[in-house]
Participant: 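Provided herewith is a single structure, encoded as structure tokens, for subsequent inquiry.
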Amino acid sequence: MSAVNNTEVGLWYTATAGVFFLFAGVLALLIRVQLAVPGNDFISADLYNQVFTMHGSVMMFLFAVPIFEAVSILLLPEMLGARDLPFPRLSQYGYYCFLIGGVFVCGSIFFGAAPQGGWFMYPPMTTKYQTGIGADIWLLGLSFIEIASIAAAVELIVGALKCRPPGMRIHMIPLYAWYLLVVAAMILFAFPPLIAGDILLEMERAFDWPFFDPDRGGDPLLWQHLFWIFGHPEVYIVFLPSVALMATIVPTFARTPLVGYTWVVLAAVGTGFLSFGLWVHHMFTTGLPGVTLGVFSAASQAVAIPTGIQLFCFLATLLAGRVVASVPMMFVFASLATFVFGGLTGVMVAVAPFDFQAHDSFFVVGHLHYVLVGGTIFPIVGGLYYYFPFLMSRRLSDRLGKIAFWLLLVGFNVTFLPMHWTGLLGMPRRVFTYPAGIGFDLLNLVSSVGAFVLAAGFAVVVWDVLRPKKHEPLPKWNLWNSGGLEWIGDIPDEPWGVRSIPVITGRYPLWDQPNLKQDVGLGRYYLPDAEEGLRETLVTSVIDAKPLQVLRVPGPSFLPMITAALTGGVFIFGTYHWWTLAALSGLGSFTAILTWLWTGTAWVPEKPEKYIGLGKSVPLYASGPQAVGWWAMFITMLGDITAYISLVFGYFFYWTIRDDFPPDPYPGPAAAGPLVGLGLLAGAYAATILARRWNRTASAARLYGALGAAVVLTLGGVVSLVGGTLSDGLDPTADAYSAIVWVLVGWTALHAVLGAVMQAYCAARRWAGKMTPDCDADIVNVTLFWHFVALTAAITVAVVVGFPMVA
């Protein structure tokens with residue numbers, strides 16, 4: 001339970017995501033039984049709403065995204081020839097957040113307390129009309145799970161950028177790693193708006209702050225904007241990793257490098273970029289202006305272009321090579337066919353007049369599942385058959401794989417193809433029954449039969465994975481004759497990964513460098529031995545992959561698990577409004593994080609450099625942009641400020657739709673308090689920069705003075721900012737204007753207080769000898785954090801004080 005090895009944590013993650021997938025599949029079967037015949041009373045309307053909501057939520061939040069991160073934690077270090085990812089304890093922390101949050105959310109249905117608002121949780125259905133704790137479980141439980149997703153995204157981005165083997169320049173990294181970078185970046189920019197929306201909706205439910213109440217200046221459409229800014233990129237977040245698996249499998253069985261590597265990379269980046277400009281096509285029926293409909297309709301159709309480029313490059317590779325028949329390739333072909341069909345129906349619903357007819361009908365259900373099951377699940381099953389020998393040193397059965405393939409392909413199409421006709425006939429989504437004799441009967445019965453055929457296919461896959469295999473022979477090395485570096489290890493592989501970290505000269509190392517496996521095994525490359533007996537991997541430069549540092553990563557620990565449990569307590573106790581327990585859990589989590597950082601990061605090494613082989617020595621310590629910790633802070637703060645900008649978006653959304661925003665007469669806050677607070681926080685920011693400079697000059701007295709002044713200025717700035725707002729009597733329960741102002745001020749104050757703790761932490765580290773003039777990663781990273789705090793404070797004061805004066 002304390003393991004941090006990427007293989008172990010990745011296997012836990014993958015298995016847990018698989019269990020949640022099966023749970024959601026059982027819920028889907030309940031839905032299909034209920035809809036198999038008209039007027040059915042198999043389950044009640046309330047239970048159906050819970051089952052429907054949980055099916056979509058579990059599939060999207062507990063399987064589709066986590067399975068990508070789980071597989072990436074497993075595969076990425078092997079693909080890069082790295083010994084481990086840069087933050088192995090962060091991977092463990094993310095896994096336990098995922099596990100605890102998932103069990104909490106899924107368990108609610110067994111107590112009749114599951115959410116009933118759909119996986120999209122639209123207000124006012126989730127505010128005024130859902131009085132139980134179901135919506136709170138969704139909002140807080142899934143927010144907790146989203147922490148795991150963001151933690152994994154940080155780990156994977158830094159790993160792909162900074163832990164590549166020497167020679168693997170940015171234009172030579174595996175296509176899987178490129179897709180990983182795109183998807184992880186999308187998570188950083190897509191999940192924060194949802195987290196911001198979760199915060200606003202939960203504050204309305206728990207404290208009556210009226211963000212979505214039109215009677216008090218709010219608007220429920222704000223939730224739709226924040227949700228779909230996340231929701232449509234989410235489709236590509238779950239689809240692109242499956243394309244990445246296809247980009248790995250296709251060249252292997254075509255026996256040739258992928259055609260159009262550069263085009264595929266650009267198309268993946270383009271898909272990720274365009275996906276953030278499509279969210280309004282989920283809102284075509286909400287009464288938006290015609291020009292908005294036209295722009296977003298065009299953008300929704302344009303995303304088909306980079307998607308088509310990727311698929312045509314796969315087809316060109318198959319035509320250029322000599323395809324070897326295999327179970328993984330069968331699933332790739334099934335995915336290509338079904339996703340193209342789903343993509344074409346997606347272009348249909350991107351046309352606003354057609355969407356007016358098909359919106360909220362079963363046509364959309366059919367389209368969604370053709371994209372997500374066909375485009376996502378089929379490659380995952382193919383990837384399971386492809387990588388199982390690599391992970392478990394045993395093969396899955398070709399015979400069972402073919403049986404599963406036909407059951408899945410037939411069951412899938414029998415289930416979801418009729419839904420297009422059902423929707424065109426007028427059957428709406430989210431209904432728990434329907435009357436007989438209006439044309440839905442036979443189509444629904446066919447879909448329900450197909451669902452059980454589909455389930456039988458998954459049952460065969462599960463049996464193939466779980467059946468005993470210990471008496472079967474070990475597969476031969478590099479079973480599929482792949483060119484990927486992940487297959488360089490022995491069967492069974494050693495727990496430390498590669499014996500030495502290789503120098504790479506091509507995109508398919510095992511094809512381009514015939515003696516690579518032998519040379520790696522004989523220790524002829526970098527870091528051939530762990531002479532100090534510590535866990536080490538190599539950090540390289542972002543663009544050219546030149547060796548920069550030997551990174552010593554921490555070993556097994558229970559701290560991440562304890563921290564995850566305490567973090568979960570904040571959300572779980574908050575669900576029941578047990579605020580004292582939630583506060584104690586928060587304090588415990590904060591203490592655990594400080595202990596984790598104090599004992600497990602930024603060690604001062606016993607020597608400045610280490611010889612790594614091939615006539616080269618590199619530092620054992622790094623700070624600034626050369627260090628993985630700096631990148632982790634920078635990436636985390638990008639996600640953080642995205643959530644903050646989503647709140648600012650909410651402020652200006654109200655301004656665009658309401659004539660009385662800001663209210664007239666203007667209720668405040670007055671300029672004095674926030675402006676003084678901004679000045680004090682600017683002083684704290686400057687003092688932090690001086691502290692970083694004076695630490696490097698070995699001036700301990702000046703360092704302590706600057707950090708002490710920074711803490712005092714920070715606390716003074718918070719008091720002035722919050723006190724100035726409080727003195728103006730803004731009541732956040734009175735109207736949406738007061739509520740959104742308090743959210744912006746509170747967000748800024750909370751981050752400033754956290755910044756003060758960081759400043760004090762740096763002083764303590766210097767006093768304890770854990771930070772020196774040469775080993776200064778702590779103060780450098782805290783200064784980076786303060787760049788974002790200063791920016792947030794400036795924007796907050798400009799919005800809440802400056803904007804009403806010019807509006």
Side-chain angles (χ1 to χ4, degrees), residues 154 158 542 548-549 593-594 597-598 601-602 604 619 621-642 644-645 674-722 744-745 747-798:
V154 171
V158 178
V542 171
L548 295 177
Q549 177 199 3
I593 290 172
L594 287 179
L597 294 174
W598 186 271
T601 62
V604 177
Y621 192 98
S623 65
Q626 289 191 342
V628 294
W630 185 93
W631 281 88
M633 175 65 80
F634 179 73
I635 294 167
T636 302
M637 294 312 298
L638 284 180
D640 180 90
I641 204 163
T642 301
Y644 170 73
I645 293 300
L675 286 175
V676 171
L678 178 61
L680 292 173
L681 292 177
Y685 174 45
T688 305
I689 295 175
L690 287 174
R692 180 189 62 183
R693 179 180 302 173
W694 286 333
N695 179 69
R696 290 174 177 171
T697 62
S699 178
R702 289 184 176 182
L703 167 73
Y704 295 137
L707 289 175
V711 171
V712 172
L713 289 169
T714 300
L715 297 179
V718 169
V719 170
S720 183
L721 181 63
V722 174
L744 294 177
V745 170
W747 183 280
T748 304
L750 180 63
H751 282 67
V753 170
L754 182 58
V757 173
M758 292 183 176
Q759 291 159 346
Y761 176 84
C762 287
R765 292 280 285 188
R766 178 62 188 267
W767 178 81
K770 293 179 176 291
M771 186 177 79
T772 70
D774 295 320
C775 300
D776 61 348
D778 295 305
I779 187 67
V780 170
N781 292 345
V782 168
T783 304
L784 177 61
F785 175 85
W786 266 92
H787 294 338
F788 287 90
V789 173
L791 178 62
T792 300
I795 294 174
T796 295
V797 174

Participant: Which distance, rounded to the nearest 0.5 Å, do you find between the CG of Asp640 and the CD1 of Ile635?
Facilitator: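 Atom-to-atom, Asp640:CG and Ile635:CD1 are 14.0 Å apart.
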Participant: Report yes if the side chains of Leu638 and Met633 come closer than 4.5 Å at any heavy-atom pair, otherwise no.
Facilitator: no
Participant: With Ala686, which residues qualify under side-chain contact (heavy atoms from CB on, under 4.5 Å), at least two apart?
Facilitator: none
Participant: Would you please name every residue forming a side-chain contact (heavy atoms from CB on, under 4.5 Å) with Val604, sequence neighbours left out?
Facilitator: Thr772, Cys775
Participant: Sort and list the pairs that fulfil ring-ring contact (aromatic ring centres under 6.0 Å, His included) and have at least one residue in residues 751-779, not counting sequence neighbours.
Facilitator: Trp598-Tyr761, Trp747-His751
Participant: For residues 698-722, which residue pairs pass the ring-ring contact (aromatic ring centres under 6.0 Å, His included) check, not counting sequence neighbours?
Facilitator: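 Those involving residues 698-722 do not exist here.
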Participant: How long is the gap from CG on Leu594 to CE on Met758, to the nearest 0.5 Å?
Facilitator: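 Reported value, rounded in 0.5 Å steps: 9.5 Å.
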Participant: For Thr796 and Tyr644, which I'm curious about, is there any donor-acceptor pair between the side chains at under 3.5 Å?
Facilitator: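 Their side chains do contain a donor-acceptor pair, which is all the 3.5 Å distance test asks for.
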Participant: Is Leu678 close to Leu721 at the side-chain level, that is, under 4.5 Å between some pair of heavy atoms?
Facilitator: no
Participant: With a 4.5 Å limit on heavy-atom distance, are the side chains of Val711 and Val757 in contact?
Facilitator: no
Participant: How many angstroms lie between NZ in Lys770 and CZ in Arg765, if you round to the nearest 0.5 Å?
Facilitator: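 Taking NZ in Lys770 and CZ in Arg765, the distance rounds to 5.5 Å.
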Participant: Any side-chain heavy atom of Phe785 sitting closer than 4.5 Å to one from Leu754?
Facilitator: yes
Participant: So Ile779 and Thr783, do their side chains get closer than 4.5 Å, heavy atoms only?
Facilitator: yes
Participant: Verify side-chain contact (heavy atoms from CB on, under 4.5 Å) between Thr714 and Val753, making sure each step is shown before the conclusion.
Facilitator: CA-CA 7 Å; Thr714 300; Val753 170; 5.9 Å; no
Participant: How about Cys762 and Leu707: do any of their side-chain heavy atoms sit closer than 4.5 Å?
Facilitator: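 When only atoms from C-beta onward are counted, Leu707 and Cys762 do touch, with a gap below 4.5 Å.
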Participant: Please determine whether side-chain contact (heavy atoms from CB on, under 4.5 Å) holds for the pair Leu715 and Val719, giving the CA-CA distance in whole Å, both sets of side-chain angles, and the decisive distance to 0.1 Å.
Facilitator: CA-CA 6 Å; Leu715 297 179; Val719 170; 5.5 Å; no
Participant: Between Asp776 and Arg692 (salt bridge meaning N to carboxylate O under 4.0 Å), is one present in this structure?
Facilitator: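 Between Arg692 and Asp776 there is no salt bridge, as every charged N stays at least 4.0 Å from the carboxylate O atoms.
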Participant: Quick one, Leu681 and Leu713 - any side-chain contact, counting heavy atoms below 4.5 Å?
Facilitator: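 Heavy-atom side-chain distance check fails, nothing below 4.5 Å.
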Participant: Excluding sequence neighbours, so at least two apart, what forms side-chain contact (heavy atoms from CB on, under 4.5 Å) with Leu690?
Facilitator: Arg693, Trp694
Participant: I need the minimum non-hydrogen distance between Ala790 and Tyr685, along with the two atoms involved.
Facilitator: CB-CD2, 3.7 Å
Participant: Taking the side chain as everything from C-beta on, heavy atoms only, tell me whether Val780 gets closer than 4.5 Å to Leu784.
Facilitator: no
Participant: With sequence neighbours left out, what residues match Phe788 under ring-ring contact (aromatic ring centres under 6.0 Å, His included)?
Facilitator: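 Here no residue qualifies.
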Participant: Search all heavy atoms of Gln759 against all heavy atoms of Ala684 and return the closest pair with its distance.
Facilitator: NE2-O, 4.0 Å
Participant: Do Trp786 side-chain atoms and Thr688 backbone N/O form a donor-acceptor pair below 3.5 Å?
Facilitator: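 No, because the side chain of Trp786 does not come within donor-acceptor range (under 3.5 Å) of the backbone of Thr688.
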Participant: Between Ser699 (side chain only) and Asn695 (backbone N and O only), is there a donor and an acceptor less than 3.5 Å apart?
Facilitator: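 No: the side chain of Ser699 does not pair with the backbone of Asn695.
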Participant: Tell me if a side-chain donor or acceptor on Ser623 pairs with a main-chain N or O of Ala777 at a distance below 3.5 Å.
Facilitator: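 No; zero donor-acceptor contacts below 3.5 Å.
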Participant: For the residue pair Val722 and Ala749, what are the closest heavy atoms and their distance?
Facilitator: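 Residues Val722 and Ala749, closest heavy atoms: CG2-CB, 3.7 Å.
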Participant: So, for Ala687 and Ala710, which heavy atoms are closest and what is the spacing to 0.1 Å?
Facilitator: CB-CB, 3.8 Å
